[in-house]
There are 2 protein chains.
Amino acid sequence: MNNPKVSSRKTIILREAARLFREKGYSGTNLRELAKSSGIQGGSIYHHFSSKQEILYQIMEYTMTILISKIGELIGSEPEPFEQLRKAIRFHIEYHTSNVNETYVTDAELRSLTPDNYKKIVVLRNKYEHIYIQIIKDGIRAEKMKIDDVKLVSKALLQMLTGVSYWFDPNGSLRINEIANKYIKLFFWGIAGKDNQNHEEAS
Amino acid sequence: MNNPKVSSRKTIILREAARLFREKGYSGTNLRELAKSSGIQGGSIYHHFSSKQEILYQIMEYTMTILISKIGELIGSEPEPFEQLRKAIRFHIEYHTSNVNETYVTDAELRSLTPDNYKKIVVLRNKYEHIYIQIIKDGIRAEKMKIDDVKLVSKALLQMLTGVSYWFDPNGSLRINEIANKYIKLFFWGIAGKDNQNHEEAS
DNA sequence: GCATCAACCTAATGTTTGTCAGGTTGCCCT
DNA sequence: AGGGCAACCTGACAAACATTAGGTTGATGC
């Protein structure tokens with residue numbers, strides 16, 4: 001989470017906090033248990049964070065910042081909207097499944113933020129969502145996509161993709177890459193559309 | 001929630017509990033506040049419920065039971081899979097948006113259930129999900145739908161639909177009925193599929 | 001007119017909670 | 001060798017919490 005040492009105590013606390021917050025909720029988690037599973041005593045958490053709230057905020061702020069920056073790079077190096085969307089979908093699923101705890105908390109614990117922190121995170125959320133909206137708008141302009149309500153469609157997409165991390169099982173039979181392909185196909189052609197899988201005719 | 005008087009105290013408590021559980025989480029809600037917003041004193045809740053946990057369980061049990069029974073009626077009176085799915089989608093969105101608090105809690109607070117209660121609710125959840133799976137399977141057999149992973153698709157669908165209740169605004173410009181139509185269109189034809197809206201050619 | 005009982009109140013109990021003040025340890029730099 | 005400081009511990013605090021025991025009230029049925 002930080003840079004210097006890959007797994008400093010602070011990093012450990014943030015990782016364990018994300019896990020506990022997902023498993024028991026923010027209010028349902030107490031700092032003594034968090035400390036214990038981070039290998040320190042209860043009070044010692046306050047050497048690294050000023051409050052419980054700050055731990056939650058840092059998890060969310062970090063997660064959203066990474067999401068935004070990574071997807072920025074991704075679509076920056078790809079001009080074609082259709083292909084941008086494919087890459088974005090793949091990325092969203094990959095990141096959310098390999099960082100379930102953090103992304104789940106970022107998604108579900110908005111209500112536990114103080115008003116100030118809430119505002120800041122919502123700004124980042126909207127920023128991330130707007131990247132998807134923009135891709136789809138570009139796709140329409142390039143006459144590749146046919147949509148009359150971009151906002152609704154992008155919300156539907158993100159909701160659908162995030163859901164993967166709720167049921168994904170690393171030991172299951174499906175690889176992330178296969179799942180991404182299935183979702184791309186579903187989102188592009190629906191359940192009653194094309195029966196062939198030739199969705200590789202980009203630009 | 002109960003039958004006799006439409007709005008007994010017990011009903012009020014359950015309604016307020018669902019609201020508070022959604023706004024602040026199960027652990028984040030305290031019984032004094034719940035009592036207050038239900039118009040009684042803290043301890044009086046225990047005249048109607050044996051514990052905080054029981055309140056959560058009753059909300060979930062009631063919600064899932066209604067969902068299952070209503071969708072059962074719905075598809076029982078409609079033989080054609082395509083039309084069944086349309087009705088199911090419409091119903092899911094409608095019920096979830098007009099009972100946001102209850103459905104949100106049922107969806108998000110599984111982790112707060114005791115092991116025994118957890119098992120019971122999960123059974124009901126699976127039952128509900130399997131109705132969708134069955135519809136889609138029937139649709140494939142009738143050669144109306146083209147899907148290679150029914151489970152994945154039904155999970156994607158439900159996730160997408162439930163998401164509507166997270167952003168839906170009764171005072172916004174979109175009516176529930178319009179939203180349902182857009183989701184049906186999206187799920188059936190995708191964003192790159194048919195450009196016309198003639199998805200009314202069911203059997 | 002009295003017994004009954006559901007609905008509710010009041011006050012208390014024991015536990016858990018976030019937070020903090022003050023102290024200890026061991027490493028780094030000079 | 002000794003100051004400085006980050007990392008951590010210990011013990012305590014007040015507040016908040018779910019839950020309970022025992023009491024009050026008012027309507028209903030006989």
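Chain naming here is simple, since letters A, B, ... match the order of the sequence lines and numbering starts at 1 in each. All heavy atoms count here, side chains included; hydrogens, waters and symmetry mates do not.
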Colleague: Do side-chain atoms of B:Q84 reach the backbone of B:I75 as a donor and acceptor pair under 3.5 angstrom?
Modeller: yes
Colleague: Rounded to the Å, how far apart are B:I12 CD1 and C:dA7 P?
Modeller: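 To the nearest whole Å, that distance equals 12 Å.
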Colleague: Short of 4.0 Å, heavy atom to strand atom, which residues of residues 26-42 of chain A count as contacting DNA chain D?
Modeller: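 DNA chain D contact set from residues 26-42 of chain A: A:R32, A:I40, A:Q41.
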Colleague: Mind grabbing the angle between the end helix axes of the helix from C:dG1-D:dC30 to C:dT30-D:dA1? Five pairs an end, 10° rounding.
Modeller: 10°
Colleague: Using ring centroids (six-membered ring only for Trp), state whether A:Y104 and A:F21 fall under 6.0 Å.
Modeller: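 Ring-ring flag for A:F21/A:Y104: false, centres at least 6.0 Å apart.
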Colleague: Can you check whether A:L67 reaches A:I71 side chain to side chain, under 4.5 Å on heavy atoms?
Modeller: no
Colleague: Measure the distance from OH on B:Y46 to P on C:dC9 and round it to the nearest whole Å.
Modeller: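 Checked: the OH to P distance equals 15 Å.
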Colleague: Round to a whole Å and report the spacing from CZ of B:R9 to C1' of C:dA6.
Modeller: 13 Å
Colleague: Any donor and acceptor pair, going by atom type alone, linking the side chain of B:K120 with main-chain N or O of B:E61 inside 3.5 Å?
Modeller: no
Colleague: Taking side-chain hydrogen bond (donor to acceptor under 3.5 Å, both in side chains) as the criterion, tell me which of A:E23, A:R22, A:R15, A:R19 meets it with A:N101.
Modeller: A:R22
Colleague: What are the two closest non-hydrogen atoms of B:I176 and B:F168, and how far apart are they?
Modeller: CD1-CZ, 3.5 Å
Colleague: Which whole-number value in Å describes the distance from B:I45 CD1 to C:dT10 C1'?
Modeller: 15 Å
Colleague: To the nearest angstrom, how far is B:H47 atom NE2 from D:dG23 atom C1'?
Modeller: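 Taking NE2 of B:H47 and C1' of D:dG23, I get 15 Å after rounding.
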Colleague: Answer yes or no: is there a side-chain heavy-atom contact under 4.5 Å between B:R125 and B:D107?
Modeller: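 B:R125 reaches B:D107 side chain to side chain.
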Colleague: Check whether A:Y95 forms a cation-pi arrangement with A:K70 (NZ or CZ under 6.0 Å from the six-membered ring centre, at most 45° off the ring normal).
Modeller: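 A:K70 over A:Y95 ring: no.
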Colleague: Grab the CZ-C1' distance between B:F49 and C:dC8 for me, whole Å please.
Modeller: 15 Å
Colleague: What's the NE2-C1' distance between A:H48 and D:dA7, to the nearest Å?
Modeller: 6 Å
Colleague: How are the rings of B:Y132 and B:H92 set relative to one another: parallel (under 30°), tilted (30 to 60°) or perpendicular (over 60°)?
Modeller: perpendicular
Colleague: Expressed in angstrom and rounded to an integer, what is the separation of A:I13 atom CD1 from D:dC8 atom P?
Modeller: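 In whole Å, D:dC8 P lies 7 Å from A:I13 CD1.
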Colleague: Nearest to the side chain of B:S44, heavy atoms from C-beta on, is which of C:dC9, C:dT19, D:dC8?
Modeller: C:dC9
